[in-house]
Amino acid sequence: IEVTPLRGTLEVGQVLEIAITLTGYAFGHFTLPITCHFQGTEPLSLRLQGMVIAPKLEFDAEKLEFGTVSFGFENTQIVSLHNDSDIPVKFEAYIAADESKQEFQILLFDDESNEQQAEDDDDVAD
C-alpha cells in the first residue's frame, strides 16, 4: 500500500486529496484498517475493502492438430486467446528453454522489467 502525501499541513477550510494505491498480490477478499494520526486530535480510521481477482483467460480451442509435418517444413496454426476479465492482462509467450518439455507458457507480469522485455520482444517481432 502506498499513501501520498504522507505528511503536510491542512490549512483552515482546505480539502486534501489523499491517494491510496493498493497492489494486489494475494487472491481473494481483503479488509485493511488504516489509522491516521493528527496533531492535537483523535486518530481517524478508514477501512479499505476489495477483492483481488485472477484474470479470466480462455483459448478458442482445446488443441491444435498439426497432422503430419514434413521434416524441415513449417505448419502454422492459429489460436485466439480471449480475455474475459474485468482487468487487462499483460503477457509474455515463450517456448521453455528445456525443449524436451515442449511447453508454451504465458506469464503474468509483476514488475516493469518483464514488461519492458516484452515490449522489446514485440519490437523484434514487428
Side-chain angles (χ1 to χ4, degrees):
I1 295 176
E2 292 180 31
V3 178
T4 51
L6 288 175
R7 62 182 55 90
T9 301
L10 188 60
E11 299 295 337
V12 174
Q14 182 181 7
V15 175
L16 176 65
E17 291 184 356
I18 300 172
I20 300 174
T21 303
L22 175 99
T23 303
Y25 287 110
F27 296 119
H29 292 274
F30 65 86
T31 300
L32 301 169
I34 292 183
T35 303
C36 302
H37 297 271
F38 304 96
Q39 184 179 9
T41 186
E42 295 294 316
L44 291 176
S45 295
L46 178 67
R47 187 173 59 226
L48 309 180
Q49 291 185 172
M51 182 173 63
V52 177
I53 61 170
K56 194 164 106 182
L57 303 173
E58 184 175 84
F59 285 115
D60 66 348
E62 290 185 23
K63 69 176 182 175
L64 296 177
E65 181 58 56
F66 281 86
T68 302
V69 179
S70 296
F71 180 79
F73 287 82
E74 294 181 358
N75 183 343
T76 302
Q77 300 286 327
I78 304 295
V79 64
S80 296
L81 179 61
H82 299 267
N83 180 1
D84 295 324
S85 307
D86 295 332
I87 56 174
V89 176
K90 297 174 185 173
F91 67 93
E92 174 183 1
Y94 70 96
I95 303 300
D98 181 359
E99 291 184 20
S100 66
K101 292 183 181 179
Q102 297 181 353
E103 62 184 37
F104 176 80
Q105 298 183 12
I106 295 178
L107 303 176
L108 299 182
F109 292 110
D110 61 359
D111 65 47
E112 290 179 357
S113 64
N114 286 341
E115 182 177 9
Q116 183 60 49
Q117 179 63 42
E119 289 171 5
D120 294 345
D121 292 346
D122 285 345
D123 293 342
V124 171
D126 294 340

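Bear in mind that the values here come from a model prediction, so they are computed numbers and not experimental data.
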Please report the shortest heavy-atom distance between Pro5 and Leu16, naming the atom on each side.
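Minimum heavy-atom separation between Pro5 and Leu16: CG-CD1, 4.1 Å.
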
So which heavy atom on Phe30 is nearest to which on Met51, and how close?
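In terms of heavy atoms, the two residues are closest at CE2-N, 3.5 Å.
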
Please round to the nearest 0.5 Å and tell me the distance separating atom [atom1] of [X] and atom [atom2] of [Y].
| X | Y | atom1 | atom2 | answer |
| --- | --- | --- | --- | --- |
| Asn83 | Glu58 | CG | CD | 11.0 Å |
| Leu44 | Ile34 | CG | CD1 | 12.0 Å |
| Ile87 | Ile53 | CD1 | CD1 | 4.5 Å |

Any donor-acceptor N/O pair, Ser85 side chain to Lys56 backbone, under 3.5 Å
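Confirmed, Ser85 side chain pairs with Lys56 backbone.
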
So do the side chains of Phe73 and Asn75 get within less than 4.5 Å of each other, counting heavy atoms only?
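Side-chain contact under 4.5 Å: no.
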
Establish whether [X] and [Y] are linked, either directly or via other cluster members, by ILVMFWY side-chain heavy-atom contacts under 4.5 Å.
| X | Y | result |
| --- | --- | --- |
| Val69 | Leu64 | yes |
| Leu10 | Ile20 | yes |
| Ile1 | Leu6 | yes |
| Leu22 | Phe27 | yes |

Check whether more than 12 heavy atoms from other residues, nucleotides or ligands sit under 6.0 Å from atom [atom1] of [X], and answer yes or no.
| X | atom1 | value |
| --- | --- | --- |
| His82 | NE2 | yes |
| Glu42 | CD | no |
| Gln49 | CD | yes |
| Asp84 | CG | yes |

